[in-house]
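Remember, it's 1-based here, ligands and their atoms both numbered in the order they're listed. No experiment lies behind these values; they were computed from the predicted model shown. Quick note: numbers below take in every heavy atom, side chains included, and nothing from hydrogens, waters or symmetry partners.
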Amino acid sequence: MILTENKIFILETNRTAYAFKTTEGGVLQHLYYGRRLPRPEDYNSAPVILNQPGNALLDGDGVCREDLLQEAGTVGWGDLRAPLVDVEFPDGGRSCDFRFSHFERPENAGPAGMPAAVGGETLKVVLKERTHDLYLELYYTVFEDTDVIGRWSRLINDGAETVWVNRLMSQQLDLPAGAYDLVSFRGAWAREMDTVRQTLAGELRWSSEAGVSSNRCNPFAMVCRRGAGEEHGDVWAMNLLYSGSHLGTAQVNAYGSVRLTQGMGPLRWQLLPGDSVDAPQAVTTYSAEGFGGVSRQMHPFVRRHIVRGYWQDRERPVLVNSWEAFYFKVSHRKVISLARSAKSIGAELLVLDDGWFKGRVDDSHALGDWTADPKKLPDGLAALAREVNEQGVKFGLWVEPEMISEQSELFAAHPDWVLGHRDQAIGRNQYVLDLTRPEVCRYIVDSMKAVLGGAAISYIKWDMNRILSDAFSPALPPERQGEAAHRYVLGLYAILDELTKAFPEVLFESCASGGNRFDLGMLCYMPQVWASDNTDAACRSHIQWGYSYGYPQSVLGCHVSDSPNHQTLRRTPLRSRFNVAALGLLGYELDPSELSSDKTEEVREQIEFYKAHRRLLQFGQLHRCPTGEGECFTMVTAPDGAEAAGTHFVWENQPNPKSVPLYCRGLDGEKTYHLTSRSTPPRVTDFGSLANYMSPIRIRSGSLVEKAADKFVKMPQDELELTASGAAFCHRGFYPVQPFGGTGFNGPTRLMRDFDSRLYLWAEETE
Ligand code: DGJ
C-alpha cells in the first residue's frame, strides 16, 4: 500500500515500511526503512538537521545536508556523500539542487528499453532542479506480497541546452548512524559467489566494470547490523535488473550514517534538449530475520515478479548436455547416440552444446555463422532435431550470438561490426559484436529466428564467453562514446525481447562462461542461468550456497558431471554429485553410455527420484541450516509444509568424528514428519586392503578378485528413519547415522568419503 498524506510518503509491504517526506524547502528527506510500524505518524520522527556543526554547510533554508538522510543526493549544497545524480550543466558546473514538484500514481512504469519487475503498485515523485529546466523522476514500486521495493530514476532535459549526465543511479538508501557490515558476493570464472563480509567503514563498493554484471562481483549485496546472522538481526538487501557494468557504494559519513547507492556502471550521457535518460530498475528488501529472512523474501520475489512467461511456474526438464561429453567433437551420429542414452536414463531433453555450426572446430572459429556444419551434421539441424525427438527426448541447442570470430564469414563481410578498436585485449579468441548498432542487432535476431524457426528446438543455451575490453563503438560520435557500454545492454535487451516474444515456449538458459552474467535483468528474459562452469560437487555446494542468498534454486542450472571432475580433477561420489545438483535444475554433463552398468542404474534412480519430487526440489523454499565447520546443510520446504528435502554435504571425512546434530529450518513446528534418508550401498572397493579384515580370501587392490567381490558382495547401506514434530527437527535437531570413522563397520554405519553427502526427505504424517 502507498500512503501519500501531507507530503509524507509511506510505502508499506506485508511486513516492512519505507517512508520519506519533503522538507519545508522541498528536499526529499528519507525517514525510515524497516519493520512496518502500527501508525502512519510513527514514521515521521526524524529531525531535519538545522544546526550547522563545525564547518559544515547550510542550504538556503538553513538545512545542513551533510548528514540529512535523503532520497536523492546530489553534488554540491554541502552533501559530501556519493550522489544519486551527477550532471554537468552547460557552464561546466555540477552543483545541483532538486526540489519536490509533484507526485503521480502511474499504472505501468518501467525504464525505457530495460526490463522491469512485473506487478506491484507504483509511486512517481517528480523533482525539479531549482535553477535549470532539468527534472528528476523517482519511481518506487511496492511488491507487498514479497516485501520488496523497486526503484529507478529518470532525468529529463526540458531546457534549451545540452546537459551531461555523469551518474544516474537507480536507488539510494540512507541509514541512520550505527554499526553495519557489507556482505557482497565475489569471485571469478568457476569460483563464483564467494560470500564476503566486511566491516562497513569509510567507503566500500560492490561493482563490475567488465561490461557484464560479472562473476567478479554480483549486483546482489546486503548491509546488516554488525551482530546480524542467518536468522536474526536487521538486514537490507539490494539488487539490480541490469546485465552490464554496475556500481554499488556503501559509505559511512563523518557522523556515522550510511549511504548506499546502486546503479549502472560508468556513464557519460549526452542529454540533448527534450531528451530523457533512464536508470535500470533496482530492488531492495528489509528483513528483521537475518540473511535467511532476506532469502525468504527475495526468492518468491524472483519467482513471481522477475521470472515470467510460459516457464515461470513450470517444472523444468532433466537434461543431458553434450559439452563435457564431446566438447567440440560433435557429429550427427554422436548426438543421436547421446539422445538415446539420455532417454534410457530418464532424461527429457538433449542439449547440443558448442561445436555444431559451420567451421567450428575450436574456439577460434565461426562465431557469427549460425548454420549447421555440413561435415559434422550433413543432414542439417532440422533432421537432427527430428531424429533426437524420435528417440523420445526434446532437442536443445547452444548459441553465442553476441560474439564474432575473426575467422568467420561474418567477420569477412562486416569487420566493422566489432565493438571496440581492432587493437584490443581479446578473450577466448573472439570479439564482441557492436550491439549499439541497430543493423547488428537485426542480424542477430534474424539469424536466431532462422535457427529457431528452422528446427524443432525446445531449449536454447545463450552463452557469452568474454567480457568487454573496449566499450567503444565506431558507429557513435566521440561525444557519445561514454554511452557505448549502456547502449550495448540496451541493444541486447531489444534482441532478447523480440526473440523471447517470438518463441515464448522455448526454454532459454542464460550462460556467460557459467555465472559471468547472473543477474535479475537476464532473468526477466530467460528463466534460468547456467550457474557455473565448475561442475565439481565440492565447489558447487559452495557456489550454490552463495547464490542462494539472493536467488532461488529454480533459476540455477546444476549438472552432474564425470569423475574425476573436468575442472578440478577431483573424484567425488556419484551420489554426492547428484545430491548437490538435486537442489537446483538437474542436468547431466556426461555421456551416459560411458558409465558402468551399476552407475547407469544409479543415475536412472536419481532421475526417477528427482522427477518424483521435482516441484519441491525446484520450487520449494530454500533454507541454509546451521552445521559445524567443513560441512553444509541446505533444505527445501514445500509451501504447504507437507514435505521437505535436504542435502548434508561434508568436505572432509574425519576419523572418530564428533556426534553433531543437524538442525532443520522451514518445517512446520506443529506438524509431525517422517524422515527418511537416501543413500547407496558401500562397495568392496571403497575399503581397499581393509576388505581383508572381513574377507576369508586375500583381496589385492585392483585384482580380478576385488572386481568380482565388488560385483557380487552386496554390503548393507545406511538408512535413517525417524518420526518427530517439525519443532523437534528444528530445535532439538536429529543425528545422522554414525559415520565410519576408523573402526567398526556394520549395517547401520554411514560410509562417508571425502566430499560425501546424504539427502534426506521429510513427509508430513497425517495420522
Ligand atoms: C562456456 C559454457 O559455460 C560451457 O558450459 C560451454 O557451453 C562452453 N562455453 C562452450 O563453448
Visitor: I'd like to know if the side chain of Arg487 pairs up with that of Ser473 as donor and acceptor (distance under 3.5 Å, no hydrogens or angles considered).
Guide: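 There is no such pair (donor and acceptor under 3.5 Å, judged by atom type) between the side chains of Arg487 and Ser473.
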Visitor: Please list, by chain and number, the protein residues whose heavy atoms come under 4.0 Å of ligand 1.
Guide: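 These residues qualify: Trp323, Asp353, Asp354, Trp398, Arg428, Lys461, Asp463, Asn465, Cys511, Ser513, Gly514, Trp530, Asp533.
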Visitor: The criterion is side chain to side chain donor-acceptor pair (under 3.5 Å); which residues satisfy it with Arg570, sequence neighbours excluded?
Guide: Asp536
Visitor: Charged N to carboxylate O under 4.0 angstrom, Glu589 versus Arg577?
Guide: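 The answer is no: the pair does not qualify as a salt bridge.
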Visitor: Establish, from distance only, whether the side-chain atoms of Arg316 and Gln618 form a donor-acceptor pair under 3.5 Å.
Guide: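 Side chains of Arg316 and Gln618: no pair found under 3.5 Å.
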Visitor: Should Asn429 and Ser405 be marked as a side chain to side chain donor-acceptor pair (under 3.5 Å) after you check the CA-CA gap, both sets of side-chain angles, and the distance that decides it?
Guide: CA-CA 7 Å; Asn429 304 307; Ser405 304; over 6 Å; no
Visitor: We want to know whether His332 and Glu387 form a side-chain donor-acceptor pair, criterion being a heavy-atom distance below 3.5 angstrom.
Guide: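 Yes, because at least one side-chain N or O of His332 sits under 3.5 Å from a partner of the opposite role on Glu387.
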